[in-house]
Amino acid sequence: MGRIYTPFPPSPLEPIPKSPIPARMSTLDPADWSALRALGHKMMDDMVNHLAGLRERPVWQPMPEATRAGFTAPLPAQPSAPETLYETFQSTIQPYVTGNTHPRFMGWVHGGGNPVSMLAEFLAGAMNANCGGRNHAGIVVERQVIAWAAEMLGLPESTGGVLLTGSSMANFVAVLCARFYALGEDGRRQGVAGRKLVAYASAGVHRCVPDALDMAGIGTSALRLIPVDAQFRMDLAALRAAIAVDRAAGHRPFLIVGTAGTVDVGAFDDLASLADIAQAEGAWFHVDGAFGALATLSPRLKPLTNGIARADSVAFDFHKWAQVTYDAGCVLVRDREIERATFTQATNYLAHAPRGLAGGAPWPCDLGPDLSRGFRALKVWMTLSAYGSGALGRIVDDTCALAQRLAGLVEASARLELRAPVKLNIVCFGVAGYSDAQTAELVADLQEEGLFAPSTTMIGGRLAIRAAIVNHRTRAEDIDALVAEILRRI
Ligand SMILES: *Cc1c(COP(=O)(O)O)cnc(C)c1O
């Protein structure tokens with residue numbers, strides 16, 4: 001019988017066959033950098049021209065089917081020249097992105113970005129820092145940004161926080177902190193089963209808040225949606241009544257969510273009263289201030305945010321009113337130790353050390369759900385530093401003034417009607433006598449022709465045109481042109 005297996009390890013007399021090692025190991029870096037450098041310079045020139053020439057372009061245009069089909073290719077096995085890929089980008093990607101950099105983009109609540117943030121994204125890419133943790137400049141810059149955010153909202157020095165993709169994740173992190181506050185370590189180990197936790201928010205709350213309760217295992221039915229008053233603020237008497245009913249039924253009110261700037265109409269809940277109620281109930285007080293929290297930068301609008309400084313946590317975005325490029329969300333947690341206790345995990349491979357690269361605790365991965373994460377903080381730090389909080393506050397003011405201008409034009413027209421009070425930068429309006437279908441058609445036409453990009457929302461059971469003025473590039477002439485174009489069509 002012949003040998004049916006090879007003995008391992010091989011005997012010392014049999015040499016181990018060497019796998020051939022190429023003279024040059026495979027690397028993704030070019031042998032000669034000059035072509036890449038030239039391409040990079042060209043991209044930079046083109047993108048600066050792109051930003052400088054936004055007004056001459058359509059706001060948005062639908063991606064043609066043939067172009068779309070180019071993105072159903074199999075995984076590339078063979079290389080392509082970056083120059084060719086850049087040409088593909090210019091012809092098939094660049095013309096068909098969202099359009100929120102454009103001054104006539106007024107849909108949803110989208111920030112316009114800014115050129116300094118664009119450059120910072122490039123620098124962050126070059127550093128490729130992993131800001132999940134460890135002892136390096138990326139973490140220091142992020143802590144600076146978090147401290148600035150806390151200062152902006154009037155939160156104390158004990159405040160912790162992390163940068164995240166957006167307010168959806170920030171609200172989720174806040175709900176997890178509230179869960180920890182209510183249930184402690186036990187809640188992390190055992191979950192929430194049978195604990196009868198209930199939370200409260202206004203009927204105008206963003207859908208990511210019920211989503212957060214869902215993802216936290218608490219369930220969307222634990223969120224009581226409290227009716228709003230004529231100003232679209234949470235009705236406080238209704239809130240107190242709902243809490244009493246829940247207490248009587250043996251539920252545990254653990255979280256009250258106030259909204260600073262509702263996504264539909266830009267309404268502010270009475271945050272100071274919500275803070276009082278949360279305090280009396282022993283509940284966590286969270287504020288979803290996705291864009292509205294930035295009103296603290298405007299001396300004129302700041303009073304709307306009264307009470308935000310008493311929040312246990314705040315979710316907001318730098319990528320909306322603060323004009324940082326996507327994505328840049330932020331959660332602040334008043335007591336950093338609660339945030340840490342909510343997320344920290346003991347593992348050997350992530351052990352902290354008193355010195356060396358494993359020093360510098362706590363790390364962002366101890367304060368939120370992400371481990372590996374990019375250097376978002378750089379573009380936020382550069383944007384805030386380059387323009388200063390004063391200029392950003394003026395953008396907040398100016399966009400609100402443009403919203404008032406739009407509201408005034410709507411009210412002055414016999415054919416248009418205002419559908420919600422304009423407190424901030426969002427104007428919901430409609431065409432008198434139009435059906436929902438006609439309104440939807442009108443908005444889709446404006447978008448598809450690349451002229452303007454408002455969005456729509458339901459107000460009082462009817463579809464309204466919704467213009468959210470967020471972009472620092474939008475001017476009075478854009479507002480006037482929007483109204484003129486709508487009036488021409490109806
Ligand atoms: C935009 C918005 C959110 C969601 O934020 P993302 O950054 O899109 O995740 C949540 N709440 C409000 C009030 C918003 O306007």
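Read the numbers this way: they start at 1 and go in the same order the structure lists the ligands and their atoms.
Classification of D478 and R55 as a salt-bridged pair holds, one side-chain N sitting under 4.0 Å from a carboxylate O. Taking a cutoff of 4.0 Å between a charged side-chain nitrogen and a carboxylate oxygen, R373 and E142 qualify as a salt bridge. Ion pair R247/E281 flagged as a salt bridge, since at least one NZ, NE, NH1 or NH2 atom sits closer than 4.0 Å to an Asp/Glu carboxylate oxygen. Electrostatic pairing of R233 and D269 does not count as a salt bridge here, judged by no charged N lying under 4.0 Å from a carboxylate O. Here D246 does not pair with R252 in a salt bridge; the nearest charged N to carboxylate O distance is not below 4.0 Å. Salt bridge R104/E485: absent, no basic N to carboxylate O contact under 4.0 Å.
Annotation for ligand 1: atoms under 4.0 Å from non-hydrogen atoms of H319 are 7 (O). Shown in contact with G261 at under 4.0 Å from a heavy atom are these atoms of ligand 1, numbered in order with element: 13 (C). Near V263, the atoms of ligand 1 lying under 4.0 angstrom from a non-hydrogen atom of the residue are 15 (O). Under a 4.0 Å criterion applied to the non-hydrogen atoms of G166, ligand 1 contributes the atoms 7 (O), 9 (O).
Using a 3.5 Å distance cut-off with no hydrogens or angles, the side chains of N471 and Q323 do not pair a donor with an acceptor.
Looking at D288, D327, D317 and measuring to atom 7 (O) of ligand 1, the nearest heavy atom belongs to D317. Here the shortest heavy-atom distance to atom 1 (C) of ligand 1, taken over H206, M169, K320, belongs to K320.
Only side-chain heavy atoms of F291 come within less than 4.0 Å of ligand 1; its backbone N, CA, C and O stay farther off. Only the side chain of C208 comes within contact range of ligand 1, with a heavy atom under 4.0 Å; no backbone atom does.
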*May I have the step-by-step check of salt bridge (Lys or Arg N to Asp or Glu O under 4.0 Å) for R462 and D436, ending in yes or no?*
CA-CA 6 Å; R462 291 171 70 194; D436 289 355; 5.3 Å; no
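Ring-plane geometry between H110 and W108 is classed as tilted, the angle between the planes lying from 30 to 60 degrees on a 0 to 90 degree scale.
When only interatomic distances are considered, the shortest N/O to N/O separation between T165 and ligand 1 does not fall below 3.5 Å.
Closest to atom 5 (O) of ligand 1 among all protein heavy atoms lies S167 CB, 3.2 Å. Counting only heavy atoms of the protein, atom 12 (C) of ligand 1 lies nearest to A290 CB, 3.2 Å. The closest protein non-hydrogen atom to atom 9 (O) of ligand 1 is S168 OG, 2.7 Å.
Heavy-atom separations between T262 and ligand 1 are all 4.0 Å or longer.
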